Amino acid sequence: MNIIWNAEKYTSDFSFVHQYGNNVVELIDAAAGSSILDLGCGNGALTKVLYDKGYKVKGIDASEELLSIARKEYPAIKFMQGDATNFAIHEPVDVVFSNAVFHWIDKEKQPDMMKCVYNALKENGQFVFEFGGFNNNRIIHNALANIFEERGFCYEMPFYFPTIGEYAFLLENAGFRVKYAVLFDRLTELKGENGMEDWIKMFIKMPFTAVQSEQEKEEIINQAVTELKKDLFIDGKWYADYVRIRMKAVRM
Ligand code: BEZ
């Protein structure tokens, strides 16, 4: 994953990420007491939702910044530091759950992540997840890419947003049977009058490493915000053009 989180701001201003995750939790079909690993648990907000449902939960995340919030907020839950593409757990679990994480993993690394998930699951264990799907934030990325190009920079897309077909193929190759898959648009309200600027600054860090001057970075963001207004500023509120891929697969 290629981001250093501003964990406090992420938790206060981008809480929609875990709020929407509640719907993904509903896909889990397991009795209370079943064991669940929350992969990429971040600040632990959804791990806590799973805990409150009576599951035996553990969270793994790469970010110590986010884990320190999780441990402070939810001391009864075990949180571990780990890389989603290179982890192992001692005792296999009934369910691996993940929300808003896999788009941060390079396409080439997805099979490594799936192998770790496979090994972490009991036979017939469920793999339930949602993340950014094909064409996620297309309007925002296109605007930024055009502005980068006009100014002589290359906008390297830092995320992986697959179609259902592409992702199902990877899952099947990794030994999973796909039971449910959906790709859908979710126009998502951003917080505050600087919602789009804040969103770009929080999540789009990597492409800006190509731009040396801090002033030019600000100019690019301002230009993007101005251009995005016509499509994503609606009735006085900012929105991001999210597309979600939500799936459930079973370890064979
Ligand atoms: C997402 O949740 O789809 C997402 C959030 C930030 C950057 C990229 C994708």
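Whatever order the structure lists them in is the order used to number ligands and atoms, beginning at 1. Here the structure is a predicted model, which is why all the values come from computation and not from measurement. These values consider heavy atoms only, across backbone and side chains, with no hydrogens, waters or symmetry-generated copies.
Contact check on Lys248 versus Glu130 returns no salt bridge, with no Lys/Arg side-chain nitrogen under 4.0 Å from an Asp/Glu carboxylate oxygen. A salt bridge links Arg151 to Glu216: at least one charged side-chain nitrogen sits closer than 4.0 Å to a carboxylate oxygen.
Geometric assessment of Arg251 against the ring of Tyr118 yields a positive cation-pi assignment under the 6.0 Å and 45° thresholds. Geometrically, Lys48 does not engage Tyr51 in a cation-pi contact defined by less than 6.0 Å to the ring centre and at most 45° from the axis.
With Gln215 as the partner, the side chain to side chain donor-acceptor pair (under 3.5 Å) test is satisfied by one option alone out of Glu219, Gln212, Glu218: Glu219.
Members clustered with Val250: none, using a 4.5 Å side-chain heavy-atom cutoff among hydrophobic residues.
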If you look at each N/O of ligand 1, which protein N/O atoms lie under 3.5 Å away, and at what distance?
unit_1   : atom_1 : unit_2 : atom_2 : d
ligand 1 : 2 (O)  : Arg244 : NH2    : 3.1
ligand 1 : 3 (O)  : Asn136 : ND2    : 2.7
ligand 1 : 3 (O)  : Arg244 : NH1    : 2.6
ligand 1 : 3 (O)  : Arg244 : NH2    : 3.3

